[in-house]
2 protein chains.
Amino acid sequence: MPSYKAPVDDVLFLLNDVFHIERYGNLPGFADTNPETLEAILSEGAKLCEQVIAPLNRAGDVEGCTRHTDGSVTTPKGFKGAYDQLSEGGWIGLACDTEFGGQGLPQTLTWIMNEFLTASNMAFSMYSGLSQGAYLALRIHGSDAQKKMYLPKIASGEWAATMNLTEPHCGTDLGLLRTKAVPQPDGSYKISGTKIFISGGEHDLTSNIIHLVIARIEGAPEGTKGISLFVVPKILHDADGKLGERNKVSCGSIEEKMGIHGNSTCVMNYDNATGWLVGEPHRGLAAMFTMMNEARLGVGIQGLALSEVAYQNAVAYSKERLQGRSLTGAKFPDKNADPIIVHPDVRRVLLSMRAFNEAARALVIWIALQADTYHRSDDAKAKQTADDLMGLLTPVIKGVLTDQGFANTVQAQQVFGGHGYIAEHGMEQFVRDVRISMIYEGTNGIQALDLVGRKLGRDGGRAMMTFLADAQGFLKAHAADEAMMPYIKPLEAAIGHLQKATMWLMQNGPKQPDNAGAASYDYMHLFGLVALGYMWVQIAKAALASKSKGNGAAMRMDAKLTAGKFFMERMLPETAAHLARIESGSRTVMEMPAEAF
Amino acid sequence: MPSYKAPVDDVLFLLNDVFHIERYGNLPGFADTNPETLEAILSEGAKLCEQVIAPLNRAGDVEGCTRHTDGSVTTPKGFKGAYDQLSEGGWIGLACDTEFGGQGLPQTLTWIMNEFLTASNMAFSMYSGLSQGAYLALRIHGSDAQKKMYLPKIASGEWAATMNLTEPHCGTDLGLLRTKAVPQPDGSYKISGTKIFISGGEHDLTSNIIHLVIARIEGAPEGTKGISLFVVPKILHDADGKLGERNKVSCGSIEEKMGIHGNSTCVMNYDNATGWLVGEPHRGLAAMFTMMNEARLGVGIQGLALSEVAYQNAVAYSKERLQGRSLTGAKFPDKNADPIIVHPDVRRVLLSMRAFNEAARALVIWIALQADTYHRSDDAKAKQTADDLMGLLTPVIKGVLTDQGFANTVQAQQVFGGHGYIAEHGMEQFVRDVRISMIYEGTNGIQALDLVGRKLGRDGGRAMMTFLADAQGFLKAHAADEAMMPYIKPLEAAIGHLQKATMWLMQNGPKQPDNAGAASYDYMHLFGLVALGYMWVQIAKAALASKSKGNGAAMRMDAKLTAGKFFMERMLPETAAHLARIESGSRTVMEMPAEAF
């Protein structure tokens, strides 16, 4: 069975040494984030993940969820107890407002904890993960009464929540949706329709489930401008939250999926279910996007999380498995064979995972800090910068971290040879589980279009200019630092490729939108590599500083410096290939008639 | 449920127009390979695959194989009937010698048929696939009596065969194996030990199963020089092949795997089982490698096959699924939305699969023709060239076609969005099934080492010089052909990268073997891209010729020319990134101590 150790030390290094969280001390909730408190919180969370939640992962995959004839759903053995510990420990509401029963801590800590939870047990982590998204949507768009009713229940974990968007004939293109809402005299609506792929749509973890559902009010305009958001509780309740009768929403079936078997992915049938409008009529999509944008960051973290746990297990196996000899002569002549970590090609694989994981974690934390700044700062300029960076990098985090996260679980599985293909080692489950992250909350192709079609050009390209100014400012500030050269020089070249690609898009996208579409995926990955590279130069700087201060942990700092060099030597050169593909344009891609495929 | 249409037209184009199979007419078995006969054979095989074998694929995955308490194994419903049709149709022995009951046709046709079979049902195809490998090993290394006994039974499909190499503690490093063989007075051996991951180790398709087993004769030297090959029938038989009592070999359990559930992957227990030596004592590994080298080509074909069927289904879905609008305005304004094939990013994905599939199929057929030449020609020079190319390109075909084949099943699944993650559409099964091809018959990392460490330097690098002379000869011959320029120029650049990388290896590998190890994987992929590019220039030339002759099928030829351009513009540029990684050497990869991982 795979094991997992939450990377608390690495997170603390990023928060304290790389991003200097003390600089955010003026934001609400950040006052107590001194290194000792952070360590105490994260260690406690790590313990819960490692000791309680991770051990349920394999068994949850095997057992899966069971739908009974009455439509009720049982989660795998142990999930309910673990969920109770999670909610009782205050982890679900860690960053929720104190007025709604949360702990008011930085949202950044919730994202970090979500990495730990997901790495431990992705299927399990999704139940509370969706509640956090719903909390945010209701907090921003709900009425005061809705907030008062739902937010404390969600923050405490007493009730769970879901997102209901997809229908059988529409996913990406929500304008096609058919679920309808009929206004009732008492101000409520009757909701009817079928929603599919609803994560945690029905389960036995909480006494109630709050479904956030998009539907079209009778007579509303066609397309995306006629979509409204509703809150539809599984069980109706009075104004005090006391549960009453069952609402007319039920789980029709559980989807048979490739992975995340421990999560009940449901077909949900709404049959004149009672719901209440959230926010303005016909403005539901905007409200749903509030939820979705942060959910996309969460999905990116899933890619990182599975990559991390897969890496850890591949490392352990590569030190244990004796097979063959080092190319430079036996390293353990007293044993029958050397451990496979002596082989350069095995190390190449391990380092490529590690070089991704550390930088991806830094990128997530950096953007999480921007999210906290945006939501909590009073400084208009700081808020705008934070919003720009968050908007720009969210599709990159979602698309690149899940593509590479998936690829890394495949690489980690490969280290196990034939044993990686066998279920009992758990490596193939990581592959199956994380695969969905490339698809849901907008496929990665949609992320790329969001980046190129929406985020890049917004406000005259201000967000990208902000990013580039930040990165280039860093490079300039360290242009004379000899020890930084192995990191600075390659990143300069990669930024050059990003600038060329951006220029090409500006010149060729407007006159022919297919050029932008054909370039989008490569552009997203090119930008992702540059963003990860920018993280690495900052990590390298902090690691060098830590070493020069003689802070101990020199081997750990050296390992970072090596992983960063590996990134620069072996991963960043890919930017040139992305640029070449982008500059090849859309002609070849578009010239073939559909019937010739 | 996914559908499949065997690419008979494409294969015929490759055999007739690209590789001019008539030039091989002097080889035994090739006399009748005129276009009409080829078409008749392949169409018949295609029909069996499409109508009988493909429909069993999904159900076979769901049902899997069942081991009963007596150790017997039942394959999924329908497999036995389909297997009977396959053997009765003479498909298993298509290329086997007529003296042993085969049809004596080119081995190339068997490889082509194996693509069709695998694309239809990979788990099913492995039962007969292993028989073909065993046939070859016994044909080359078996005694006359063994040949006379086993080859007709295997060629007819009456008996099946397996390969038994791996043990729990050893896979790649077979020198560690512990299964032992004790000589008996009658000339037989008693074999004892445990073998794992044995594909088709036990099943109900045939009346007997011939296990080829490697073991160490009591007192044999340690390591790979003390390994012998044995034939161990599941059921003992007399000299006429009449079945007698059960041998002491049994299936201990069926492995729980990520995919290929329709194939019984067994733990096999040998408990003083009776076996007979094949070939010389202590020379078993060489004999097994005969089988394995051709098996590696077969595994490469699995990557291609699953990529092809996944591509076909992604194309169909992208024409059906209505979602969103073209970036350049609605293409089907009368419908609610456009089919997603209007989107450049969807086309990019489809074309990248197609550009791979067509070239990979060409590469397989080219090398299959070399294999036929090697095994059947009387011309020493032609045999040597064929052997060189086959040896050099086998690890490339195995490693690159399975890595890219897997990646393509993932891409095809992505085209389906959320529906790709749901079992009923069958796309996730392709991903799970083909994943094993990157692992078995030597992981792809081992293929890369085989290429760089063994194949490249052999005979002073003669094989690579042969390949380069061939490819460069082609480029030179078409240097003045304007229509060929979009294909010729990029390939020239890529060959330049391959030459630089080869030079770097020659200069840096001998003095520090870790440099070769650290470069091996990128070198394999760099070479793979060049080899596929070399196939594309030849396909392009044949497509242009076919068009100029007005052979009809102009749309199909134009599609080839587009797919080839796509390959040159968007896939071949990757060679530069591979070269950069190779030239970064092994220092960063090796500097970190194992305990720092």
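Chain identifiers are assigned alphabetically (A, B, ...) following the order of the sequence lines, protein sequences preceding nucleic acid strands; residue numbering begins at 1 within each chain.
- Residue contact with chain B, scored on non-hydrogen atoms closer than 4.5 Å, involves the side chain of A/Gln512 exclusively.
- For B/Ile341, the part lying near chain A is the side chain, with the backbone staying farther off; criterion is any non-hydrogen pair under 4.5 Å.
- Electrostatic pairing of A/Glu591 and B/Lys565 counts as a salt bridge here, judged by a charged N lying under 4.0 Å from a carboxylate O.
- Of the two parts of B/Val346, neither the backbone nor the side chain holds a non-hydrogen atom closer than 4.5 Å to a non-hydrogen atom of chain A.
- To the nearest 0.5 Å, atom CG of residue B/Asn515 and atom OG1 of residue A/Thr328 are 11.0 Å apart.
- Taking B/Pro168, B/Ser318, B/Ser586 one by one and counting their heavy-atom pairs under 4.5 Å with chain A, the maximum is reached by B/Pro168.
- In this structure, A/Lys319 contributes its side chain and B/Ala594 its backbone to a donor-acceptor pair below 3.5 Å.
- Using a 4.5 Å cut-off between heavy atoms, A/Val589 touches chain B through backbone and side chain atoms alike.
- Neither the backbone nor the side chain of B/Pro339 comes within contact range of chain A, judged by heavy atoms closer than 4.5 Å.
- When every heavy atom of B/Leu327 is checked against every heavy atom of A/Gly517, the shortest pair comes out as CD1-CA, 3.9 Å.
- Contact of B/His578 with chain A is not made at all, since no heavy-atom distance falls under 4.5 Å.
- For residues 416-439 of chain A, the pairs satisfying salt bridge (Lys or Arg N to Asp or Glu O under 4.0 Å) are A/Asp61-A/Arg432, A/Glu428-A/Arg432, with sequence neighbours left out.
- Comparing A/Gln414, A/Met590, A/Met555 by how many heavy-atom pairs each has under 4.5 Å with chain B, the most go to A/Gln414.
- Tested against A/Met592 for a side-chain contact (heavy atoms from CB on, under 4.5 Å), the candidates B/Leu561, B/Asp558, B/Leu351 yield a single pass: B/Leu351.
- Of the atoms belonging to B/Thr562, heavy atoms from both backbone and side chain fall under 4.5 Å from chain A.
- One distance of note links CD1 of B/Ile446 with CG of A/Asp345; it measures 8.5 Å at 0.5 Å rounding.
- Only the side chain of A/Tyr311 comes within contact range of chain B, with heavy atoms under 4.5 Å apart.
- To the nearest 0.5 angstrom, B/Thr265 atom OG1 is 7.0 Å from A/Ile422 atom CD1.
- Scanning both residues, A/Arg347 and B/Pro593, for their nearest heavy atoms gives NH2-C, 4.1 Å.
- Note: A/Phe597 CZ to B/Leu350 CG = 5.5 Å, rounded to the nearest 0.5 Å.
- Note on B/Met427, B/Gln429, B/Arg321, B/Arg556: by heavy-atom pairs under 4.5 Å with chain A, the leading option is B/Arg321.
- Comparing A/His343, A/Gln413, A/His169 by how many heavy-atom pairs each has under 4.5 Å with chain B, the most go to A/Gln413.
- The part of B/Phe406 that comes within reach of chain A is its side chain, from C-beta onward, which places non-hydrogen atoms under 4.5 angstrom from that chain.
- Across B/Cys170, B/Ala576, B/Gly453, the residue that shares the most heavy-atom pairs under 4.5 angstrom with chain A is B/Cys170.
- If you measure heavy-atom distances from B/Ile436 to chain A, the contacts under 4.5 Å come from both the backbone and the side chain.
- Here A/Gly418 is the residue among A/Ala580, A/Gly445, A/Gly418 with the most heavy-atom pairs under 4.5 Å with chain B.
- Remark: the backbone N or O of B/Ala518 is not paired with any side-chain donor or acceptor of A/Arg348 at under 3.5 angstrom.
- Although no hydrogens or angles enter the test, the distance criterion places a donor-acceptor pair under 3.5 Å between the side chain of A/Gln323 and the main chain of B/Gly171.
- The candidate with the highest count of non-hydrogen atom pairs below 4.5 Å against chain A, out of B/Thr443, B/Asp514, B/Leu322, is B/Asp514.
- Heavy-atom pairs under 4.5 Å with chain A peak, among B/Arg587, B/Glu255, B/Arg325, B/Arg354, at B/Arg354.
- Within a 6.0 Å sphere centred on CD of A/Glu595, heavy atoms belonging to other residues, nucleotides or ligands number more than 12.
- Atom CD of residue A/Glu256 and atom NE2 of residue B/His425 lie 12.5 Å apart, to the nearest 0.5 angstrom.
- Counting heavy atoms from C-beta on, the side chains of A/Glu569 and B/Arg581 never come closer than 4.5 Å.
- The closest side-chain heavy-atom distance from B/His419 to A/Ile196 is below 4.5 Å.
- The pair A/Asp522-B/Arg570 meets the salt-bridge criterion, with a side-chain N (NZ, NE, NH1 or NH2) lying under 4.0 Å from an Asp/Glu carboxylate O.
- Counting heavy-atom pairs closer than 4.5 Å to chain A, the top-ranked of the candidates B/Ala577, B/Pro573, B/Ser584 is B/Ser584.
- Interatomic distance, CZ of A/Phe197 versus OH of B/Tyr421, reported as 11.5 Å (0.5 Å rounding).
- Closest non-hydrogen pair, B/Asp173 versus A/Gly324, comes out as OD2-N, 2.6 Å.
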